[in-house]
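These numbers were taken from a predicted model, which means no experiment stands behind them.
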Amino acid sequence: MSAAIFGMWRNWAIAVGFLAILCFVSPLVDKAWVAPLCLLSFFVLKAIQHILAERDVPNCSRMFQETGTILLIITVLLAGIYFWVRKGVSFEITGQPITDKVPFLSILLAAPVSAVVALCFLLQKKEPLVCQLCHMRYGNVVERGFIGDLYRREWRYQTKLLLIACVALSAIDWTYYLVHYVNVNLNRADHFFFLWMPLVLYVLSLVYLGIRYYSLWVFYCQNDERHLVENPSSTTVRFIVICDDKILLDICPTEGRFANGAVIKRFDTPASFTLPYQERFDIARAREMFVGRTGIRNVEIRPIYSSPDNVTFRNIFHYFAFIDSFDDAVDSGIQGEWFTIGELRQLIAQHLVGRDLNSELSRIYRVAMAWKTYDREGKRLYRIKHYRPTFRLKDIRSWDVDYNDGHWLSIGRYNEDNRFYHLYRFLNKLASKFRRSRHSDNMFAL
């Protein structure tokens, strides 16, 4: 818990620190090196992100993802401005002549770009790929545990803080640039507004967030027990019951409560069972449990994925339970109503579906649609642009796809239909080579 809380401060210090240092350094170096320095910072940031992602303690990488996007956009813009100037553009926006001695004032680009990117991330409705992969790696502790709620809340808080700071910097620096800046040399006022102000604001943010996370640590880890697990060391086995083109759901209590103390209820699978902690749970045991608890013998059990939890040891195993007739569920150990895919989508849109079921359906849909649309390289299986295959519940039984394979989640986000597909493949190959070089054996070791 302590590592999770102070890890948010560390992520801010590293990610935003790259932006602050680049804004400070760029006016002091040759213009030809500014864009390469930004690109190098992007790769170093990604390397740090991969190192932290391999640790056993969950780490929220959304701020790294956000800052990496900002660095890539700044790199492209700075490279474009540099070559644009080389082609003969001789005047700045203020009308002053451009010379070789005029430095790049990166803060004029970094502040507004950071503000726009932060706003876009805040308005993003879909869960980003980095969070989906985090759920696959750390499972239950991030997906529905206290640490996951902390990460989601604090990431939004940090992003709003970045947005406010960058909007303020954009207004102040652009006003000074348009009104007072003279590009003959950098005087004391120029150094203050373009170099020292971003750096000082960054240091103040470190102090402010340090106080905030120390206070959170004292509150949650010293004086409060809400972060503790009420039922530690337990295993939940969940079955999504499907017959033909319908899914069986019932209104079930959740872990949330209203302000008056009443338990919040949502639609969920009625076939969910909790037992003492089991590190492994094979399909034979899953079938035996389903038949014993429900009395339905004519059933086909198929694994979907598992949600590990090496922190609180409250893991979840997810399975499909395909039955051949609706009558099999009558007078069985599970009760509920059968819903079509259209009715299910309406329940999801109205936020009437439990968190676990929502996560399961989201994982199944994203992986299945990526598997049905693209190959493992992200290229289209059908040469019809933007064609989307159908998704039907009755087809799931015949599919042969691994829902635990994070590669299909990546393909669903970065594929041939994405305009940055080739750039993503290039960056992904570089990241893969870096990971392999870190894990490779030392041939000179004794």
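Summarising the local packing, CD of Glu300 is surrounded by more than 12 heavy atoms from other residues, nucleotides or ligands at distances under 6.0 Å.
A salt bridge links Arg212 with Glu154: the closest approach of a Lys/Arg side-chain nitrogen to an acidic carboxylate oxygen falls below 4.0 angstrom. At a threshold of 4.0 Å, the pair Arg266-Asp356 does not count as salt-bridged, since none of the basic side-chain nitrogens sits closer than that to a carboxylate oxygen.
At distances below 3.5 Å, at least one donor-acceptor pair connects side-chain atoms of Asp245 with backbone N or O atoms of Lys394. Using a distance-only test at 3.5 Å, with no hydrogens or angles considered, no donor-acceptor pair links the side chain of Arg293 to the main chain of Gly333. Looking at Arg287, its side chain does come within 3.5 Å of a backbone N or O of Arg297 through a donor-acceptor pair. A donor-acceptor pair is defined here as one N or O able to donate and one able to accept, closer than 3.5 Å; such a pair exists between the side chain of Ser26 and the backbone of Leu22. Not one N or O on the side chain of Tyr151 forms a donor-acceptor pair closer than 3.5 Å with the backbone of Met8.
For the pair Arg376 and Trp408, the cation-pi criterion (under 6.0 Å, within 45° of the ring axis) is fulfilled.
Taking every heavy atom of both residues into account, Phe121 and Trp155 meet most closely at O-CH2, 3.5 Å. Looking at every heavy atom in both residues, Leu37 comes nearest to Val29 through CD1-CG2, 4.3 Å.
The one candidate from Thr390, Leu381, Val367, Val401 that meets the side-chain contact (heavy atoms from CB on, under 4.5 Å) condition with Lys372 is Thr390. Checked options Phe320, Tyr319, Phe322; the residue passing with Phe239 is Tyr319 (criterion: ring pair (Phe, Tyr, Trp, His ring centres under 6.0 Å)).
Interatomic distance, Met63 CE to Leu45 CG, rounded to the nearest 0.5 Å: 11.0 Å. Note: Tyr374 OH to Lys379 NZ = 14.0 Å, rounded to the nearest 0.5 Å.
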